[in-house]
Amino acid sequence: MSPMVWLVAMTSRQNSLCGLAVHGLWLLGLVFLMDASARPANHSSTRERATNREENEILPPDHLNGVKLEMDGHLNRDFHQEVFLGKDMDGFDEDSEPKRSRRKLMVIFSKVDVNTDRRISAKEMQHWIMEKTAEHFQEAVKENKLHFGAVDPDGDGHVSWDEYKVKFLASKGHNEKEIADAIRNHEELKVDEETQEVLENLKGRWYQADNPPADLLLTEDEFLSFLHPEHSRGMLKFMVKEIVRDLDQDGDKQLSLPEFISLPVGTVENQQGQDIDDNWVNDRKKEFEELIDSDHDGIVTMEELENYMDPMNEYNALNEAKQMIAIADENQNHHLEPEEILKYSEFFTGSKLMDYARNVHEEF
């Protein structure tokens, strides 16, 4: 199924859920009973990334919403929140009023609970994850239109590598006219070694996004693949190759567990640093063994990593749904209930919306 067909199908289903708003009313009574003194936790990584968005608008982002790994191979710490909240992630930031946030969370619960039995199944969560992933794709398409206009000032619908290079270097502080003249006259560009390395990486990515027959001119759709490889099969493969290249220590073009959990360059200076490193290793080990290495042979191939990172993989969405439910499923009934989602709100929204969950069931 093509990304656009899949997106239309998901959007259609999303519209059909609007009629469930009435179902959400029974949950609002529960919300008003929650402890009003709840204090949101600090999960600011997504918000911090957002502050740099404008200055890096023509650069492929390091972080891709709804994708499990960052471009540098790190785990996406906000993944579960992204696929649960979709484009509404900012609605649960630190400054949100707790009672209002709890109400919003219960409205979301009612939308996920399609059969209105007051609990969320793995299938319902799977469909919801796919819809929220579609929302991120819609946002990427919308932003790409603006970004493409920034690098296509003449509006001819195509951008050459040289045009892009001028805009990129101008964003780094170089004089746009001087750079354009130097490229036009085939003169050597005076850039530092780090910038030159970034340019070489971007050029390889640019060529990969240029669909056959290659003309080194990117259309708006191709530019979307350049910025967001997660929504193009060919570019997703390219992204996986780059991650494997960076982590693969023995050159066999696949990843062993020791390679995947290798600590970043640096030294452990104190106990706090040791704890951080231990968490890094434990989290990546669990992800490798339980989700990425699908045949459990101790080796992750490029195909396995590609399947794991594919945001449109319905099988992955079902596995994620089961994992997300298991995190909060205290009564072990394989479903998510209102009391549980409120108690584990920090996992789903990044904000701790209640402090005394033990009182919820009684009041409910």
Side-chain angles (χ1 to χ4, degrees), residues 41-49 61-85 89 92 122 125 129 132-133 136 230 239-240 242-249 254-302 304-311 313 315-330 336 340-341 343-352:
N42 181 9
H43 272 227
S44 59
S45 54
T46 298
R47 288 102 199 181
E48 289 169 358
R49 284 194 295 265
D62 291 328
H63 174 81
L64 302 169
N65 286 335
V67 179
K68 298 217 64 175
L69 289 184
E70 310 282 12
M71 289 295 294
D72 60 6
H74 285 62
L75 297 180
N76 176 5
R77 297 294 179 185
D78 295 320
F79 175 77
H80 293 111
Q81 296 156 33
E82 290 166 0
V83 296
F84 184 73
L85 299 176
M89 284 194 68
F92 292 88
M125 184 68 85
I129 288 172
K132 297 298 104 177
T133 302
H136 289 305
E230 74 274 24
M239 179 180 170
V240 166
E242 287 195 320
I243 291 175
V244 171
R245 179 199 65 196
D246 292 341
L247 300 179
D248 178 21
Q249 298 173 10
Q254 51 189 9
L255 299 178
S256 64
L257 178 59
E259 288 172 330
F260 189 73
I261 66 175
S262 292
L263 294 172
V265 177
T267 57
V268 177
E269 298 179 352
N270 51 39
Q271 184 57 47
Q272 183 179 8
Q274 182 64 59
D275 292 342
I276 293 173
D277 285 347
D278 289 345
N279 289 335
W280 161 278
V281 170
N282 291 335
D283 289 348
R284 292 178 72 84
K285 183 175 186 292
K286 181 178 180 181
E287 200 76 8
F288 184 99
E289 294 177 340
E290 296 182 8
L291 295 173
I292 310 178
D293 183 16
S294 57
D295 60 6
H296 305 292
D297 65 350
I299 294 293
V300 165
T301 64
M302 287 194 186
E304 285 176 318
L305 190 58
E306 182 182 337
N307 288 334
Y308 164 79
M309 292 183 63
D310 183 2
N313 187 317
Y315 178 75
N316 280 354
L318 180 59
N319 282 339
E320 288 302 328
K322 291 176 180 177
Q323 184 184 51
M324 290 169 72
I325 289 174
I327 291 291
D329 185 21
E330 292 197 338
L336 192 63
E340 293 169 335
I341 199 172
K343 181 173 182 179
Y344 289 86
S345 59
E346 190 169 359
F347 173 77
F348 292 100
T349 70
S351 294
K352 191 174 182 181

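- The NZ atom of K132 lies 8.5 Å from the CG atom of L85; values are rounded to the nearest 0.5 Å.
- For N316, the side chain to side chain contact (heavy atoms under 4.5 Å, CB included) partners at least two apart in sequence or on another chain are N313.
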Which donor-acceptor pairs under 3.5 Å do side chains of residues 317-326 form with protein atoms, sequence neighbours excluded?
residue	atom	partner	partner atom	Å
E320	OE1	H80	NE2	3.3
E320	OE2	K68	NZ	2.6
Q323	OE1	H80	NE2	3.4

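- Across every non-hydrogen atom of Q249 and S262, the tightest pair is NE2-OG, 2.8 Å.
- Of the inter-residue distances, the one linking D246 atom CG with E259 atom CD reads 12.0 Å to the nearest 0.5 angstrom.
- With values rounded to the nearest 0.5 angstrom, I292 atom CD1 is found 5.5 Å from L69 atom CG.
- With sequence neighbours left out, the side chain to side chain contact (heavy atoms under 4.5 Å, CB included) criterion links K286 to E290.
- Taking the side-chain hydrogen bond (donor to acceptor under 3.5 Å, both in side chains) definition, one finds that D283 meets it with R77, sequence neighbours left out.
- Every residue two or more places apart in sequence or in another chain was checked for a ring pair (Phe, Tyr, Trp, His ring centres under 6.0 Å) with F79, and none qualifies.
- The two residues G298 and F288 make their nearest non-hydrogen contact at O-CZ, 3.7 Å.
- Every residue two or more places apart in sequence or in another chain that forms a side chain to side chain contact (heavy atoms under 4.5 Å, CB included) with E230 is listed here: L64, V67, H228, P311.
- In this structure, I341 and F348 approach most closely via the heavy-atom pair CG1-CD1, 3.8 Å.
- Of the possible donor and acceptor atoms, none in the side chain of Q81 sits under 3.5 Å from a partner among the backbone N and O of D78.
- Of the possible polar contacts, none joining the E306 side chain to the V240 backbone as a donor-acceptor pair under 3.5 Å is found.
- Here the closest heavy-atom approach between residue N76 and residue H63 is recorded as OD1-CE1, 3.1 Å.
- Contact record, L336 with A328: CD1-CB, 3.6 Å, taken as the closest heavy-atom pair.
- Across every non-hydrogen atom of H74 and R284, the tightest pair is CA-NH1, 3.7 Å.
- Remark: E304 engages D293, S294, D295, V300, T301 in a side chain to side chain contact (heavy atoms under 4.5 Å, CB included) (not counting sequence neighbours).
- Residue L247 holds its CG atom at 9.0 Å from CG of D72, rounded to the nearest 0.5 Å.
- With sequence neighbours excluded, no residue forms a ring pair (Phe, Tyr, Trp, His ring centres under 6.0 Å) with Y308.
- Atom OG1 of T133 and atom NE2 of H136 lie 6.5 Å apart (nearest 0.5 Å).
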